[in-house]
2 protein chains.
Amino acid sequence: MAKIDSKQLKKDKLLEQGVTLLLEKGYHATGLKQILDTVQIPKGSFYTYFDSKEQFAAEAINHYIEPFILRLSAHLQNPELDGLMALKAYYSELIAEVAQTGFKGGCLLGNLMGEIGDTSSLCRDALLNAVARYSDLQKIALERGQQQGSVRVDRSAQAMADLMLNGWQGALLRMKVEQSVSPLQAVCQDLLDDYFRA
Amino acid sequence: MAKIDSKQLKKDKLLEQGVTLLLEKGYHATGLKQILDTVQIPKGSFYTYFDSKEQFAAEAINHYIEPFILRLSAHLQNPELDGLMALKAYYSELIAEVAQTGFKGGCLLGNLMGEIGDTSSLCRDALLNAVARYSDLQKIALERGQQQGSVRVDRSAQAMADLMLNGWQGALLRMKVEQSVSPLQAVCQDLLDDYFRA
DNA sequence: CGGGATTATGCGACCGGTCGTCTGGTTTGT
DNA sequence: ACAAACCAGACGACCGGTCGCATAATCCCG
């Protein structure tokens with residue numbers, strides 16, 4: 001049992017560091033050796049934890065999105081709080097954080113969708129699942145906003161959630177090259193403060 | 001002179017094939033050898049045309065965006081045509097084309113922004129320039145729509161152009177993993193048919 | 001309970017291959 | 001004959017992945 005725990009611990013450490021490096025440099029520019037070295041796990045052991053680099057990336061995707069799901073869920077815990085306000089608060093937090101990290105990395109989901117989303121079916125499935133879960137949560141937030149009267153009802157919550165997600169991903173790309181959070185602020189303002197408003 | 005032309009010709013062939021492969025597999029997954037082989041130019045000659053792979057990619061970015069600029073410009077040539085309608089026609093064309101290619105590749109600008117936009121300053125500059133030119137053109141289209149009364153005037157054309165671009169880039173990512181053009185259609189409908197409308 | 005035999009685990013060295021880049025001999029043109 | 005242009009091949013580095021050895025754990029029998 002202690003063995004299993006230790007194994008799971010190391011696996012988590014690999015995933016943790018993997019997420020960091022994948023986010024920083026992308027899939028093809030990140031070598032397994034680099035990940036293994038920084039967490040002091042021998043090269044030969046990698047394949048006891050994962051079947052391949054590709055499958056490792058797929059697991060990293062799930063490992064990455066979990067905290068975001070939890071964070072957004074936390075904002076939605078209070079059923080009194082307006083759904084739209086919760087979304088705004090959540091995105092404000094994200095913007096503040098990314099500003100501190102120097103506009104590097106962006107979103108692992110977006111980066112990997114662009115780099116290998118159309119070439120690795122393993123990762124594509126993981127990405128699909130992660131995006132679906134994330135999108136669903138935003139849909140729920142917007143639905144609540146609709147019930148509370150702050151969000152327009154003549155467009156489906158799902159459609160708005162998708163638009164928000166897409167706009168955010170595009171803004172993250174712009175952020176990278178413009179080295180500024182203003183694209184992120186703009187998309188939040190345009191959509192959350194205007195377009196989605198009832 | 002014939003020499004210079006021949007050199008420029010080969011350089012263009014390299015860029016042409018480079019764009020194809022970069023679009024298909026990304027920056028790090030594309031090897032120079034593969035590009036050189038398919039256009040039958042010896043490996044040793046590469047550095048007579050370009051200083052480095054990175055600089056090659058930067059030139060490929062410019063080479064890539066040019067046709068899109070021209071295409072959109074063509075739609076805007078007729079000053080009678082409504083700016084918003086021109087945009088819609090342009091994007092409809094793009095959607096029809098990408099559907100034929102099997103949802104592969106997407107947009108080179110978006111892909112490279114995600115993969116190396118925050119790590120290669122050379123490419124970042126090229127991306128910034130390309131995006132700015134492309135964005136400006138869309139701003140002009142929207143401005144014309146505003147003058148013609150089809151586009152709302154309480155938001156700046158620049159802000160709407162940015163939102164359109166960001167939403168489109170995000171939708172391209174979704175397209176890759178969902179293997180469908182519906183994200184593209186959705187973003188066009190949401191923005192061009194509703195949000196931007198006067 | 002002790003200790004040799006056997007199985008399971010861990011991991012460093014190494015595989016074939018490819019990477020981006022460079023150099024020096026060869027060809028070409030004048 | 002000479003200079004410039006060109007390019008084959010090599011370079012060192014690194015890739016993802018494999019494999020056989022060394023160590024550790026387990027078992028079995030005296």
Side-chain angles (χ1 to χ4, degrees), chain A residues 1-15 17-22 24-61 112 115-116 119-124 126, chain B residues 1-15 17-61 111-112 115-116 119-124 126:
Chain A
M1 179 59 87
K3 218 35 160 332
I4 294 170
D5 285 357
S6 144
K7 179 163 181 173
Q8 188 59 44
L9 208 81
K10 299 217 179 158
K11 194 172 171 179
D12 281 349
K13 274 178 73 173
L14 278 173
L15 286 171
Q17 182 64 19
V19 163
T20 302
L21 288 173
L22 287 174
E24 195 177 304
K25 321 201 307 170
Y27 180 80
H28 287 104
T30 300
L32 294 183
K33 179 147 197 321
Q34 190 181 358
I35 302 173
L36 289 157
D37 281 355
T38 59
V39 298
Q40 311 233 62
I41 288 174
K43 178 99 179 276
S45 303
F46 179 81
Y47 291 87
T48 69
Y49 301 106
F50 306 97
D51 292 340
S52 66
K53 185 190 187 184
E54 195 183 353
Q55 193 242 327
F56 170 74
E59 288 207 32
I61 287 163
L112 293 188
E115 189 178 354
I116 53 173
T119 56
S120 159
S121 57
L122 225 62
C123 290
R124 195 181 65 225
Chain B
M1 180 60 86
K3 216 36 156 336
I4 293 170
D5 284 358
S6 145
K7 179 164 182 173
Q8 188 59 44
L9 208 80
K10 297 210 178 167
K11 195 172 170 179
D12 281 349
K13 275 178 72 174
L14 278 173
L15 286 171
Q17 182 63 20
V19 164
T20 301
L21 288 174
L22 286 175
L23 193 52
E24 195 177 301
K25 320 201 305 170
Y27 180 80
H28 288 104
T30 301
L32 293 182
K33 184 167 193 315
Q34 190 180 359
I35 303 172
L36 289 156
D37 281 355
T38 58
V39 298
Q40 311 233 61
I41 289 174
K43 191 169 182 187
S45 303
F46 179 81
Y47 290 87
T48 69
Y49 301 106
F50 305 97
D51 292 340
S52 66
K53 186 190 186 184
E54 194 181 353
Q55 194 244 329
F56 170 74
E59 287 206 34
I61 287 164
N111 295 352
L112 294 188
E115 189 177 354
I116 53 173
T119 56
S120 158
S121 57
L122 225 62
C123 290
R124 195 181 64 224

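Rounding to whole angstrom units, CG of residue L14(A) and P of dG16(D) are separated by 14 Å. For the pair Y49(A) OH and dG17(D) P, the computed distance is 17 Å after rounding to whole Å. If you take CD of Q34(B) and C1' of dG20(C), they are 15 Å apart, rounded to a whole angstrom. Atom-to-atom, CD of Q40(A) to C1' of dC11(C) comes out at 14 Å; the value is rounded to the nearest Å. Atom NZ in K33(B) sits roughly 21 Å away from atom P in dC15(D) (whole-Å rounding). Between K10(B) atom NZ and dA5(D) atom P there is a gap of 15 Å when expressed in whole angstrom units. Note: CD1 (I35(B)) to C1' (dG20(C)) measures 11 Å, nearest angstrom. Separating the NE2 atom of H28(B) from the P atom of dG16(D) is a distance of 12 Å, rounded to the nearest angstrom.
Here S45(A) does not reach the OP1 or OP2 of dG10(C): none of its side-chain N or O atoms lies under 4.0 Å away.
Nearest nucleotide to the L32(A) side chain, out of dG10(C), dG16(D), dG20(C): dG16(D). Of all nucleotides listed (dA8(D), dT21(C), dG17(D)), dG17(D) comes nearest to the side chain of Y47(A).
Using a 4.5 Å heavy-atom cutoff, the side chains of Y49(B) and I41(B) are in contact. Taking 4.5 Å as the limit, some side-chain heavy atom of I116(A) sits within range of a side-chain heavy atom of H28(A). Residues E59(B) and L15(B) meet the side-chain proximity criterion, which asks for heavy atoms closer than 4.5 Å.
Between the side chain of K43(A) and the base of dG17(D), at least one donor-acceptor pair of N or O atoms lies under 3.5 Å.
Taking all atoms of both residues into account, the shortest heavy-atom contact from T30(A) to L21(A) is OG1-O, 3.3 Å. Of all heavy-atom pairs between I61(A) and C123(A), the closest is CD1-O, 4.0 Å.
Near DNA chain C, meaning a heavy atom under 4.0 Å away, the residues from residues 52-61 of chain B are S52(B), K53(B).
Under a 3.5 Å cut-off, the side chain of E115(A) and the backbone N or O of Y27(A) do form a donor-acceptor pair. Of the possible polar contacts, none joining the K13(B) side chain to the Q40(B) backbone as a donor-acceptor pair under 3.5 Å is found.
Across all strands shown, F46(B) has no heavy atoms under 4.0 Å from either base or sugar-phosphate atoms.
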